[in-house]
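Remember, predicted model here, so these are calculated numbers, not experimental data. A note on names: the letters A, B, ... follow the listed sequences, proteins ahead of strands, and every chain is numbered from 1.
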Number of protein chains: 4
Amino acid sequence: MADSESDTGGARPHTGRRRNEAARRAILDAALRLLGEAEGDSVTVETIARAAGVGKQTLYRWWPSKGAVLLEALAERAQQAVPAPDHGDLRDDLRAVVAATFAGAQRPPVGPALRTLAREAARDPQLAVLMREFTESRRAALRDVLERGRERGELEPGRDLDLMVDQVYGVFWYRFLLGHGPLDEDTAKALADSLLTGGR
Amino acid sequence: MADSESDTGGARPHTGRRRNEAARRAILDAALRLLGEAEGDSVTVETIARAAGVGKQTLYRWWPSKGAVLLEALAERAQQAVPAPDHGDLRDDLRAVVAATFAGAQRPPVGPALRTLAREAARDPQLAVLMREFTESRRAALRDVLERGRERGELEPGRDLDLMVDQVYGVFWYRFLLGHGPLDEDTAKALADSLLTGGR
Amino acid sequence: MADSESDTGGARPHTGRRRNEAARRAILDAALRLLGEAEGDSVTVETIARAAGVGKQTLYRWWPSKGAVLLEALAERAQQAVPAPDHGDLRDDLRAVVAATFAGAQRPPVGPALRTLAREAARDPQLAVLMREFTESRRAALRDVLERGRERGELEPGRDLDLMVDQVYGVFWYRFLLGHGPLDEDTAKALADSLLTGGR
Amino acid sequence: MADSESDTGGARPHTGRRRNEAARRAILDAALRLLGEAEGDSVTVETIARAAGVGKQTLYRWWPSKGAVLLEALAERAQQAVPAPDHGDLRDDLRAVVAATFAGAQRPPVGPALRTLAREAARDPQLAVLMREFTESRRAALRDVLERGRERGELEPGRDLDLMVDQVYGVFWYRFLLGHGPLDEDTAKALADSLLTGGR
DNA sequence: ATTTAATCGAGACGGTACGTCATGTCTTCGG
DNA sequence: CCGAAGACATGACGTACCGTCTCGATTAAAT
């Protein structure tokens, strides 16, 4: 009965007094998988543990909260990405980064996970900190793009880069969480252009 | 013991088969107070009821969910604002609206309450809907300003106004909730200018 | 699925803010039934609650521990008994009381329940107190029989009645819990006679 | 932090592939100490291991269960006794054995330990078996005394000796565990006399 | 004037998830 | 190869909120 859900392929070998890497993997995988399946609701610590074929205690031993598990699972997945392209043209780079951000957050397993993560972080200060650190790397990547553009003279020297970054991520999170507007490629293009050209 | 916290001044007179306005007030007041106080803890239905000296059923009779109570409590307080100025100059109007938004959300009772409300909305879909409706009026006011500007020719005709609105509120919520950047008058000015002039 | 076990016959009507007597009954009945079935092992709070069709909290609201539930269930069952016969002859009375004690504790639902109760009381001081009070009434009944006998001159005036009582209940509990000797009617007779006649 | 309690004096030298006697001692000592100290709390395997500065496995390698450790710890201490005197007079012998039993169980280190042990045995069937075996020697000693008395004609030939033994140990355990009556020398005398002379 | 009906405070209820604890098994690694 | 260390799966524990329910009282409206 339990196996029908977990499908971990049977017994994991014990690893003695060292952390069992296979268990870690099973937990992270199960967490991400459940998030993708269940649209974010009802992803319980117990559910994750059962799906991973793991005791709850093992989960609590290594992560402070359910959200921390999700975050690590997600961070792993997102490690590879972080494009930070360098075409030599700010407009192109900006469009690419923004579009990649928008697209990346909506692929099946990531979207619900990210949303759930935000929900959890809203209540769990510890997780909020972790998440802030995680997103920081994304912000840094975007800031690099802008800095390169400024050095090439594509931006006014006095421009507030942090504000520009926040305009991108602000729009992203705002629409991502509320869902009242699109986060498609056209929007990405329009947003990038707005930052560079403004509204005149 | 209960009175030490609620301080409703003792017994409320019954109002027979008509809704007891005093109870409604007590609930909203208690809700707002708790929203402001509870920095990290979650605001419980039971807590609100107890603080208001009210049965839980009274709460559920008049509001569909805990979130609805919280939102109404906050909305009452925020009723006044929604400036939507009309100086005849888009830049001035925009700066004014953005600055007012930034400032309004940080006044002592509103700031923490709004933050807690956002936290609650992250978990309570019903509240999320209500909050969306509530913020819609703010967005509409900003959109009006932009539309007037466009009609005066101060914006390119093809500009995506909704995106501009979301840039403002996106930045606002992003910084408001994460607290990693300022929401002062300079920022308001810079943001407004960015929307109009862009970064070249 | 749940109903297959609980068999409470469907929904219990709510009783508002007053304790639900039906729920109390269901809990006590379920507790005793499960004890009888499961030989005492694995009678979990959760199991009792589920079998009674009740939330765990309801159980904890009214009893301090699982053992307290069992005790109350058992005390109810034992209420009627408490023989304390009065044939006018001490030997007859004593034999009757002892035999009744032995027999009563071994009837299907009572035996395992009593054993489990003792197990629980070994760890739960609160329950130990309750149990002491419960058994006190049994001791008192036996003491009454002895006192009547002494008044009739069937016992030496200086005899330590409390010790006699403890000889009866000591043997009872000792054999009941360890199970190394019989607690049948012959034993009862022999024990009663031993107390009166001694070993010469 | 762990050492503050164990205070085993620091590192024990390893003994290679032979059983480490020092570890055995540390475990038994820790067990006895904890049995004596822990008045209400239960004595945990982990607690013993930590207090002895020992891994849990070392414990399970040499003893089948926690209870076995506790019992062995106690048995060692109680080795000496088992008097079984032979004055040639049953009454004297009986009084001596009973008084010794009562007194022995109340000496400072043994009393609380024995009580805790009984508590543990109530939950641990394995320990219960071991304890039964352990107490069997005590029962045998008493039975010997009685048998010698019977052979000397001081007891009716048909007397149920096992029942007499259980009257002694029944009273002992009953009062020892519940503490509602004294276990002093007078009681011992009265109990011995009761067994021989009875109550007329 | 009496009945009817709705509100109110109170809090019990069934339920879901939580995070902790103890058990007994297992494996690593230093000596 | 022993012994320490401690990770692991299991399963019970007791707590926190949720949203629903039923009281008994109180009082306004309908009769």
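Residue D:K56 has no polar side-chain atom (N or O) positioned under 4.0 Å from OP1 or OP2 of F:dA7. Side-chain N/O atoms of C:T15 include none lying less than 4.0 angstrom from OP1 or OP2 on E:dA12. OP1 or OP2 of E:dC21 has not a single side-chain nitrogen or oxygen of D:T44 nearer than 4.0 Å. A close approach under 4.0 Å does not occur between any side-chain nitrogen or oxygen of C:T58 and OP1 or OP2 of E:dA12. Between A:R61 and the phosphate of F:dC8, there is a side-chain N or O to OP1/OP2 separation shorter than 4.0 Å.
For the pair C:E46 CD and F:dG14 C1', the interatomic distance rounds to 11 Å; values are reported in whole Å. In this entry the distance linking CZ of D:R50 with C1' of F:dG3 reads 16 Å, nearest Å. Computed from coordinates, the B:R123 CZ to F:dC18 P distance equals 12 Å when rounded to whole Å. Put simply, CG on B:L59 is 12 Å from C1' on F:dC18, counting in whole angstrom units. Taking atom CD on A:E21 and atom P on F:dC8, their separation rounds to 10 Å, with Å as the unit. The nearest whole Å value for the distance from the CD atom in A:E120 to the P atom in E:dC18 is 8 Å. Taking atom CD of residue C:Q57 and atom C1' of nucleotide E:dC18, one finds them 13 Å apart after rounding to whole Å. Put simply, OH on C:Y60 is 23 Å from P on E:dG11, counting in whole angstrom units.
Considering only side-chain atoms of D:V45, the nucleotide from F:dC13, E:dT23, E:dG14 that sits closest is E:dT23. Counting only heavy atoms from C-beta on, C:A23 has its side chain closest to E:dG14 among F:dC21, E:dG9, E:dG14. When distances run from any side-chain atom of C:H14 to the nucleotides E:dT25, F:dC21, F:dC18, the shortest one goes to F:dC21.
Here the side chain of C:N20 pairs a donor or acceptor atom with the backbone of C:P13 at under 3.5 angstrom. Side chain of B:T47 to main chain of B:V43: no donor-acceptor pair is present (N/O by atom type, distance under 3.5 Å, no hydrogens or angles).
Nearer to the 5' terminus of DNA chain E, by closest-nucleotide assignment, is the contact made by C:R24 (compared with the other of A:P13 and C:R24). Map A:W62 and D:I27 each onto its nearest nucleotide of DNA chain F; the residue landing nearer the 5' end is D:I27.
Open room surrounds CZ on C:R18; 12 or fewer heavy atoms of other groups in view lie less than 6.0 Å from it.
Residues B:L71 and B:M131 meet the side-chain proximity criterion, which asks for heavy atoms closer than 4.5 Å. The closest side-chain heavy-atom distance from B:L34 to B:L70 is not below 4.5 Å. The shortest distance between side-chain heavy atoms of D:V69 and D:E72 does not fall below 4.5 Å.
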Look for any protein N or O under 3.5 Å of an N or O in nucleotides 29-31 of chain F and output each such pair with its distance, or none.
from: F:dA29; atom 1: OP1; to: B:R18; atom 2: NH1; distance (Å): 2.4

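Figure legend: cation-pi geometry between D:R24 and D:W62 absent, as NZ or CZ is not positioned both under 6.0 Å from the six-membered ring centre and within 45° of its axis.
Here the shortest heavy-atom pairing between C:A26 and C:R12 reads CB-NH1, 3.5 Å.
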